[in-house]
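Have a look at the structure below before the remarks.
Residue numbers begin at 1 in each chain, while the letters A, B, ... track the order of the sequences. Everything numeric here is computed off the predicted structure, so don't read it as measured data.
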Protein chains: 2
Amino acid sequence: MATALQKTIRALRAENSEFFQIALSVDCVILGFEDNELKVLLIKSDLEEYEGQWSLLGDLVRVDEDLDEASYRVLVDRTGLENVYLEQVYTFGQLNRHPAGRVVTTAYFSLVNIRDHELQLSNNELHWHSVKDIQSLAFDHLQILNKCLAQLREKIYEHPVVFNLLPEKFSLRELQSLFESIMGQKVDRRNFRKKIFLMKWLEDVNELEQDVPHRPGKLYRFKEEEQH
Amino acid sequence: MATALQKTIRALRAENSEFFQIALSVDCVILGFEDNELKVLLIKSDLEEYEGQWSLLGDLVRVDEDLDEASYRVLVDRTGLENVYLEQVYTFGQLNRHPAGRVVTTAYFSLVNIRDHELQLSNNELHWHSVKDIQSLAFDHLQILNKCLAQLREKIYEHPVVFNLLPEKFSLRELQSLFESIMGQKVDRRNFRKKIFLMKWLEDVNELEQDVPHRPGKLYRFKEEEQH
DNA sequence: GCAAAAGTGTTTTGCGTACACCCATGC
DNA sequence: GCATGGGTGTACGCAAAACACTTTTGC
């Protein structure tokens with residue numbers, strides 16, 4: 001930037017040194033879908049306060065790093081996955097949310113296909129947890145998880161985001177089961193199919209399920225939206 | 001906190017000193033409604049880069065201050081109003097959004113009744129601007145304003161937030177005009193009335209408009225919701 | 001042939017939308 | 001009496017919701 005600044009970053013920092021004692025982090029609610037259950041990727045907390053408890057994947061934001069980039073970095077580092085869906089949800093800034101000091105965190109949720117990165121998780125403290133079984137988490141992470149789920153619920157019938165959780169080809173039963181585990185309630189099969197087909201999100205791949213102990217269903221893939 | 005910390009704030013800061021060079025601010029999109037127009041409270045920018053341009057009201061977050069408290073403080077300090085509606089919208093963390101250095105900002109929107117604090121604005125650089133006339137703002141504040149408006153639009157037919165913008169008693173025409181200026185489009189009067197009455201948000205105060213050059217309309221007040 | 005899930009249609013109901021006329025008041 | 005906005009009702013279309021039977025496959 002060529003022009004002189006009335007207030008340079010240096011001056012700002014001198015005037016307001018205390019303000020720079022706030023650390024900024026990102027926390028990722030990484031969701032997957034497996035065995036007809038919505039799952040979230042958690043890590044064992046490394047803080048004594050939260051020993052034995054699970055927490056979301058997060059990290060401090062670097063000074064030369066965009067906020068979105070920071071969450072993407074956390075995701076890539078921990079899962080090895082690239083090109084994943086990521087969306088900012090909310091920023092949590094309560095005073096004592098982190099026992100080690102003032103840390104404000106911005107929560108993102110991410111939707112990944114579990115099968116794609118199964119191998120990456122073998123040798124560390126990361127595990128998939130069924131969302132419906134989670135009773136508590138370290139820090140305020142349960143609150144963060146719930147906020148992310150609420151935002152996801154508001155969105156799934158409007159925007160085709162959930163396809164990020166599924167393999168390329170999937171049956172309508174899988175899709176319905178996914179919706180049900182996100183919404184937390186059963187839906188009528190016929191009405192669900194009508195609604196989904198109305199959205200024009202799906203493309204018939206002319207294949208059938210394999211190795212199911214019943215009549216196989218047709219497989220579909222997500223149709224990339226043509227409008228812009 | 002009685003227990004020892006595996007990582008104290010001091011250790012964290014030593015390990016990660018560069019991370020503490022990120023400043024955190026809040027920016028408030030303070031909205032009001034006057035002369036049938038949605039307005040936003042803006043202040044002349046004090047940065048040379050943005051000389052002559054208008055910006056949202058914001059401030060750095062203090063280390064001992066909750067994020068929500070910070071936005072509330074900005075609001076009270078600038079408008080003198082208390083008990084106002086305030087809602088977090090989004091956090092903007094692009095690298096070069098602030099010319100003075102790395103400042104991540106969390107945006108809040110606030111809905112106030114302009115009449116209530118008219119007197120507080122007389123002697124400073126604050127002015128109400130008609131939202132529909134705003135072409136540009138300092139920093140990324142136009143983007144922030146638009147994000148807040150989008151969130152408000154999504155919400156107004158679901159939650160009775162807009163009543164914060166109106167005086168205690170108002171006519172249905174005022175209410176409709178408010179909805180129209182937020183949504184940016186006209187609506188049918190009969191359908192609007194039906195929809196609003198269905199919400200059961202309103203209470204008839206058995207009074208009529210005064211000093212209108214036409215048939216006076218009935219006045220209503222917002223009914224506090226009984227269900228928690 | 002039995003179990004298990006796939007696939008399919010109709011009816012009802014509520015909501016959004018489009019649309020026109022008479023009424024009350026100020027001037 | 002005229003201008004201005006207040007107040008009201010009906011008809012249509014679509015989408016959501018409720019609901020049951022036949023078909024296909026594996027075993």
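- Using bins of under 30°, 30° to 60° and over 60° for the plane-to-plane angle, the ring pair Phe109(B)/Tyr85(B) lands in the tilted bin.
- For the segment residues 187-194 of chain B, the set of residues with a heavy atom within less than 4.0 Å of an atom of DNA chain D comprises Arg189(B), Arg190(B), Arg193(B), Lys194(B), in numerical order.
- The outermost nucleotides of DNA chain D lying under 4.0 Å from heavy atoms of chain A, listed 5' to 3', are dA16(D) to dG26(D).
- For Ser181(B), there are no side chain to side chain donor-acceptor pair (under 3.5 Å) partners at least two apart in sequence or on another chain.
- Ring pair Phe179(B)/Tyr157(B) is tilted by interplanar angle, where 30° to 60° counts as tilted.
- Remark on DNA chain C: of its neighbouring residues Leu198(B) and Pro216(A), the 5'-side contact belongs to Pro216(A), judged by nearest-heavy-atom nucleotide.
- Under the rule for a side-chain contact (heavy atoms from CB on, under 4.5 Å), the partners of Arg153(A) that lie at least two apart in sequence or sit in another chain are Leu149(A), Ile182(A), Met183(A).
- Taking Thr105(B) as the reference, Ser25(B), Asp27(B) meet the side chain to side chain donor-acceptor pair (under 3.5 Å) condition, with sequence neighbours excluded.
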Checking side chain to side chain contact (heavy atoms under 4.5 Å, CB included) for the pair Lys195(B)/Phe197(B): CA distance, chi angles, key distance, verdict? CA-CA 6 Å; Lys195(B) 194 164 180 173; Phe197(B) 285 133; over 6 Å; no

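- Shown for residues 170-180 of chain A: residues whose heavy atoms fall under 4.0 angstrom of DNA chain C, namely Arg173(A).
- Between Gln88(B) and Leu67(B) the shortest heavy-atom distance is NE2-CD2, 4.1 Å.
- A side chain to side chain donor-acceptor pair (under 3.5 Å) check over residues 132-142 of chain B, counting only residues at least two apart or in different chains, returns the pairs Glu37(B)-Lys132(B), Arg97(B)-Asp140(B).
- Proximity of residues 203-215 of chain B to DNA chain C (heavy atom under 4.0 angstrom from any strand atom) is restricted to Val212(B), Pro213(B), His214(B), Arg215(B).
- Between the side chain of Arg102(B) and the backbone N or O of Glu65(A), at least one donor-acceptor pair lies under 3.5 Å.
- When DNA chain C is scanned in the 5' to 3' direction for atoms under 4.0 Å from non-hydrogen atoms of chain A, the outermost contacting nucleotides are dA4(C) to dT10(C).
- The side chain to side chain donor-acceptor pair (under 3.5 Å) test applied to Lys169(A) returns Glu207(A), not counting sequence neighbours.
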Decide ring pair (Phe, Tyr, Trp, His ring centres under 6.0 Å) for Phe170(A) and Phe163(A); before the verdict, give the C-alpha distance in whole Å, the side-chain angles of both, and the deciding distance to 0.1 Å. CA-CA 9 Å; Phe170(A) 50 84; Phe163(A) 296 105; 5.6 Å; yes

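- More than 12 non-hydrogen atoms from other residues, nucleotides or ligands lie less than 6.0 angstrom from CD of Glu203(A).
- The side chain to side chain donor-acceptor pair (under 3.5 Å) check on Thr91(B) picks up Thr91(A), Thr106(B), with sequence neighbours excluded.
- Here the side chain of Glu125(A) pairs no donor or acceptor atom with the backbone of Ile43(A) at under 3.5 angstrom.
- Every side-chain contact (heavy atoms from CB on, under 4.5 Å) that Asp204(B) has, sequence neighbours left out, goes to Asn206(B), Lys218(B), Tyr220(B).
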